[in-house]
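Structure first, commentary second.
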Amino acid sequence: MALETCGSCLSCLLIPLALWSIVVNILLYFPNGKALHAASYQLPNYVWYFEGICFSGVMILLLAVILITLECSVFYRCCQSESCNKTYRSFISIVLALLGVAFSGYSCIIFTLGLIQGPFCNSSDGWDYIFKDTAGGYLTDYPAWSRCTEPANIVEWNIILLSILVALSGLQLIICFLKVAAELKRTLCGTYSVFVQAGIL
């Protein structure tokens with residue numbers, strides 16, 4: 001019952017998560033607040049996928065707005081019967097929530113891969129992914145971070161921002177799963193009640 005009741009508020013939670021995802025992803029393009037390295041394409045390749053802006057950002061934001069709109073009473077009369085209309089709206093919500101699962105899941109995977117790969121930085125050997133062969137082991141090897149001399153503090157910058165993006169997309173993934181479960185319960189229970197009423201008649 002609680003899951004079904006919270007089904008509508010789940011969509012609202014996606015909006016701030018999507019907006020934060022866009023903001024944090026934009027910050028990845030400006031290490032230390034400077035646009036120099038973005039202009040020179042001296043950023044990790046995963047950053048250029050725009051997953052935080054497009055997929056866990058704009059796409060999730062659009063899905064959330066549509067899901068919230070579907071909850072409005074203006075859509076109650078798109079079918080002749082109210083029960084038919086509710087089932088139709090729940091089906092659309094399930095499809096949209098599954099798209100949200102796909103978008104946020106893809107973003108979470110890309111952010112995690114970017115975190116494991118490490119930053120693209122300048123060292124004594126030139127510009128390269130100097131931590132790419134550590135399988136993420138560099139995350140706890142703090143002395144090794146000093147090998148990246150440019151951009152300044154790029155390791156900390158990438159780890160913090162990518163970790164936030166992983167958390168945001170992970171939360172989006174959980175919320176979309178809960179939305180699917182809530183709508184499935186609403187649809188199945190509604191269909192069951194219709195069958196019971198038809199059987200009584």
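Just so it is clear, the values below take in all heavy atoms, side chains as well, and ignore hydrogens, waters and symmetry mates. Fair warning: this is a prediction, and the values are worked out from it, not measured in the lab.
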Practice task
Mind checking ring-ring contact (aromatic ring centres under 6.0 Å, His included) for Tyr129 and listing every partner two or more places apart, or none if nothing turns up?
Solution key: Phe120
Problem - Path from Leu139 to Trp145 over hydrophobic side-chain contacts below 4.5 Å - result: yes
Exercise for the section: Can you see which heavy atom on Cys12 is nearest to which on Pro16, and at what distance? Expected result: O-CD, 3.1 Å
Exercise for the section: Evaluate the criterion side chain to side chain contact (heavy atoms under 4.5 Å, CB included) for residue pair Phe91 and Glu183; output intermediate values, then yes/no. Expected result: CA-CA 8 Å; Phe91 174 75; Glu183 293 300 333; over 6 Å; no
Problem - Set of residues satisfying side chain to side chain contact (heavy atoms under 4.5 Å, CB included) with respect to Val58, sequence neighbours excluded - result: Ile22, Leu62
Handout entry: Over 12 foreign heavy atoms within 6.0 Å of CZ, Phe177
Key = no
Completion exercise
Applying disulfide bond (SG atoms under 2.5 Å apart) to Cys176 and not counting sequence neighbours gives none
Exercise for the section: Return each pair, listed once, that meets side-chain hydrogen bond (donor to acceptor under 3.5 Å, both in side chains) where at least one residue sits in residues 104-120; pairs must be two or more places apart or across chains. Expected result: Asn45-Gln117
Practice task
Just jot down the ring-ring contact (aromatic ring centres under 6.0 Å, His included) partners of Phe131, sequence neighbours excluded, or say none.
Solution key: Tyr138
Exercise for the section: Would you mind reporting whether Val23 and Leu19 have side-chain heavy atoms less than 4.5 Å apart? Expected result: no
Problem - Backbone N/O of Ser56 and side chain of Gln172: donor-acceptor pair under 3.5 Å - result: yes
Exercise for the section: State, with a plain yes or no, whether a side-chain heavy atom of Leu61 is found less than 4.5 Å away from one of Leu14. Expected result: no
Practice task
To the nearest 0.5 Å, tell me how far Leu173 CG sits from Ile109 CD1.
Solution key: 9.0 Å
Handout entry: Pairwise distance CD1(Ile174) to CG(Leu17) - rounded to 0.5 angstrom
Key = 10.5 Å
Practice task
Decide yes or no for Cys121 and Ile130: does some side-chain heavy atom of the first lie under 4.5 Å from some side-chain heavy atom of the second?
Solution key: yes
Practice task
Please lay out, stage by stage, how Thr134 and Asp141 fare under the test side chain to side chain contact (heavy atoms under 4.5 Å, CB included).
Solution key: CA-CA 10 Å; Thr134 65; Asp141 187 9; over 6 Å; no
Practice task
Can you measure from CD1 (Ile175) to CG (Leu10) and round to the nearest 0.5 angstrom?
Solution key: 6.5 Å
Practice task
Write down the atom of Pro44, the atom of Pro119, and the distance for their closest heavy-atom approach.
Solution key: CG-CA, 4.1 Å
Handout entry: Euclidean distance, Ser124 OG relative to Arg147 CZ, rounded to 0.5 Å
Key = 7.0 Å
Practice task
Evaluate the side chain to side chain contact (heavy atoms under 4.5 Å, CB included) criterion for residues Leu98 and Val180: first the C-alpha distance (whole Å), next the side-chain angles of each, then the deciding distance (0.1 Å), finally the verdict.
Solution key: CA-CA 7 Å; Leu98 287 174; Val180 171; 3.9 Å; yes
Practice task
Indicate yes or no: at least one non-hydrogen side-chain atom of Cys148 is less than 4.5 angstrom from one of Asn122.
Solution key: no
Pairs under 3.5 angstrom only: tabulate donor-acceptor contacts from the side chains of residues 154-171 to other protein residues two or more places apart or in another chain.
| residue | atom | partner | partner atom | Å |
| --- | --- | --- | --- | --- |
| Trp157 | NE1 | Leu27 | O | 3.2 |
| Ser163 | OG | Ile159 | O | 2.6 |
| Ser169 | OG | Leu165 | O | 2.9 |
| Ser169 | OG | Val166 | O | 3.1 |

Practice task
Determine whether Leu99 and Phe103 make a side-chain contact, defined as any pair of heavy atoms from C-beta on separated by less than 4.5 Å.
Solution key: yes
Exercise for the section: With the side chain counted from C-beta on, respond yes when Phe55 and Ile60 share a heavy-atom pair under 4.5 Å apart, and no when they do not. Expected result: no
Exercise for the section: Over all heavy atoms of both residues, which pair between Ser93 and Leu70 is shortest? Give the atoms and the distance, please. Expected result: OG-CD1, 3.5 Å
Handout entry: Side-chain (Tyr46) to main-chain (Leu115) donor-acceptor, under 3.5 angstrom
Key = no
Problem - Atom pair CG (Leu67) and CD1 (Ile92), whose distance is rounded to the nearest 0.5 Å - result: 10.0 Å
Fill in the blank from the handout: d(Leu178 CG, Ser11 OG) to nearest 0.5 Å is 11.0 Å
